[in-house]
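Okay, structure first, notes after.
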Number of protein chains: 2
Amino acid sequence: MTNTTLKLLAQQLQLSISTVSRALKDHPDISTATKEKVHALANSLDYEPNAYAIQLRTQSSKIFGVIVPAIANLFYDSFIAAIEEESRKNGYALMILQSSNNTENELNNLKIFRQNRVSGVFACLSAHTQNLEVYEKMSDRDIPVVFFDIVPKENKYTKVRMADERCAIIAAENIIQRGAKRVLALFGDPALSISQKRKQAFQQFMEKYAPKTHCTYLHTNSSEEAQLAFDKHLSKTQRLDTVFAMTDEILIGVMKSIQAHNIKVPKEIGVISISNGFIPSLYHPNISYVETSGFELGKLAFVQMLANIKGGKTLSELTVDARFVEGGSM
Amino acid sequence: MTNTTLKLLAQQLQLSISTVSRALKDHPDISTATKEKVHALANSLDYEPNAYAIQLRTQSSKIFGVIVPAIANLFYDSFIAAIEEESRKNGYALMILQSSNNTENELNNLKIFRQNRVSGVFACLSAHTQNLEVYEKMSDRDIPVVFFDIVPKENKYTKVRMADERCAIIAAENIIQRGAKRVLALFGDPALSISQKRKQAFQQFMEKYAPKTHCTYLHTNSSEEAQLAFDKHLSKTQRLDTVFAMTDEILIGVMKSIQAHNIKVPKEIGVISISNGFIPSLYHPNISYVETSGFELGKLAFVQMLANIKGGKTLSELTVDARFVEGGSM
DNA sequence: AAATTTACCGCAATCGTTTGCGTAAATGGT
DNA sequence: ACCATTTACGCAAACGATTGCGGTAAATTT
């Protein structure tokens, strides 16, 4: 079945294409009578403007691009859910691509975005992306980029992220408040700046405000590693009374070990993590955590994007604050 | 900065637009020398074809639309990840919209897809969508639709889904094999056909092959409900030896209760569920489950989509088979 | 009754690509 | 040296919508 176009409507109504176009968008030049006729026919023929023709003409696409390392990830999910919601409200659609933490994919995805002339890009850097030239290229094309979560260091970019240091400090505060004597703190990939930041903030805080507390710091790259590390540490140390997990991944490993050894939480060990809340809610008692809400981050990113589109450039780094959520694990 | 177009290239090279266009796509009419010149300039000027102009001309967009109830969902995530992967390999991009299980959103999303002239739509029906007219409209526009997971009953649609009955039966088989005497089987929203199917298949199988086994069937709509239901059932029943959870949500509730009562798995109770595998891997021992892989489903859906696009219509219902994954909970 | 305004509407160019068709020059065959 | 092919390229018409610039009839003013 052939699509209904302005031309078709015009022919059937014995009007010019321009008149039909104007009638459809309620242009004052067109008489009410004509408008009604046009609308009537357009409805009955199910007219839907060709988005590509519009974009070609107007050079604006009403589509945002999103790059995440992985879609199947609780944190990014909630982030995406947030911008999807906002986008829909504002008449935008989303094009989502995953980089799989692979720089090459990231480049390809950006290319697709450029070819589709997206109105803007939400980007989370791949773990080891160093070269930001491509993002410069986006700016050259006047496509605003809002970085989120894993963001570049330079100030010239617009970025939103979690208050990583604050997260770590809030966790440390609660650990101190618990009166912990021997704590095991598990962090993620040491190559990632997020791991570094969190560890540094955590360690500094502990050393300053609880110098007597004995802390062990370890880095692990997966749930399995975390489980092993926890296991090992458990067997060779006496009286480990608190464990801190920097991510959900790590928490999962720790909890498996805790379950396996049938260790009582919080009586025998206190557990605290940084999370968006889903994983901590899976256990009994619920694990206490410092909340990093992908959803909030998404909302914030969207605000930044709109500002960028409307008001030209707004270079700044915004962070969404963290808060402690009491489970029963401390 | 002004985008480089064919026209620009043509001017700089003193060639016609058509020649440049053909050179870029390696048309045999163009001499090697010219091709090289064109490519060189195109590269140095970072030429990128305008996807909208192409689509306008060729009437094909290289974009697939995806509608899911929620992005933040482990099952749909893996489904999306699969079609994203395949799409990229085949030069397509994805436009993902969520319906939030809301029929109105679903309609709007489809409208966006139509306006963007997507090449095809992967759709998961909202829980209570009855009216499929809109999907007819897509077909009228020659936009193929592949339904997945929650699919319409009519045969005229192309659909892929999990082998729901098989899942339930495999679970039942393993429960019987375990020599269960008293089992609690928890299912989801009774209004959903998926719940009905699974329960019916499960119940029939149990009654036929293990008539002496005492089974209790309950429906719950959330983790919390599942937890409560399990709690209650536990307190008033003696010797409950096996529990079956139809979904991850239900499993989560059950496991919280099990942890709270410090019940030993599998010694005191056997646990089995239907899942894509993530949640079951969170516990120790890992929960045994019947695998429903969103990833596999995605792959299958994509194959169907391609067949649909290339070979005209292929109306059929395909299911991806289920398999039992041994954890340590039975 | 002439002049001016107002209300409606059409013309045509434009966005960037693709492609059928036409044609000049180069090449080949005899 | 003459005709028949090839080779290599350009012209121009789409695709569907937007919009500045006019244009004409009717309505209003003087």
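Every value quoted in this text rests on a predicted model; they were computed, and no experiment measured them. Lettering follows sequence order; numbering is per chain, from 1.
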Upstream residue (5' side of DNA chain C) when A/T32 and A/A53 are each assigned their closest nucleotide: A/T32
Name the nucleic acid region contacted by A/Q55, choosing base, sugar-phosphate or nothing; use a 4.0 angstrom heavy-atom cut-off, strictly under. nothing
Closest to the side chain of B/L15, out of D/dC15, D/dC9, C/dT17, is D/dC9
[X] side chain N/O closer than 4.0 Å to the phosphate oxygens (OP1, OP2) of [N]?
X	N	answer
A/T5	D/dC15	no
B/K35	D/dA8	no
A/K25	D/dA17	no
A/Y47	D/dA17	yes
B/T34	D/dC9	yes

For [X] and [Y], work out which heavy atoms get closest and say how close.
X	Y	result
B/R117	A/E48	NH2-O, 3.5 Å
A/S293	A/F75	C-CE1, 4.1 Å
A/L24	A/A42	CD1-CB, 4.1 Å

Specify the separation, in whole Å, of atom [atom1] of [X] and atom [atom2] of [N].
X	N	atom1	atom2	answer
B/Q11	D/dG10	CD	C1'	15 Å
B/N50	D/dC15	CG	P	18 Å
B/N116	D/dG16	CG	P	16 Å
A/L56	C/dT17	CG	P	9 Å
A/Y52	C/dG16	OH	C1'	15 Å
A/H27	C/dC9	NE2	P	12 Å
B/L6	C/dC15	CG	C1'	12 Å
A/L13	C/dC8	CG	C1'	15 Å

Given that B/S31 and A/E48 both sit by DNA chain D, which one's nearest nucleotide is further toward the 5' end? B/S31
Earlier contact from the 5' end, DNA chain D, for B/S16 and A/P49: B/S16
In terms of side-chain geometry, is the basic nitrogen of B/E84 or B/R88 positioned less than 4.0 Å from the acidic oxygen of its partner? yes
Looking at B/E86 and B/K89, is there a salt bridge between them, counting it only when a charged N and a carboxylate O are closer than 4.0 Å? yes
Can you tell me if A/S126 and A/E106 form a side-chain donor-acceptor pair at under 3.5 Å? yes
Kindly give the atom pairs (protein nitrogen or oxygen, nucleotide nitrogen or oxygen) under 3.5 Å for nucleotides 20-24 of chain D.
| from | atom 1 | to | atom 2 | distance (Å) |
| --- | --- | --- | --- | --- |
| D/dG20 | N7 | A/R22 | NH2 | 3.3 |
| D/dG20 | O6 | A/R22 | NH2 | 2.6 |

Taking the six-membered ring where the residue is Trp, are the ring centres of A/F122 and A/F148 under 6.0 Å apart? no
Near A/E104 CD, under 6.0 Å, is it more than 12 heavy atoms from other residues, nucleotides or ligands? no
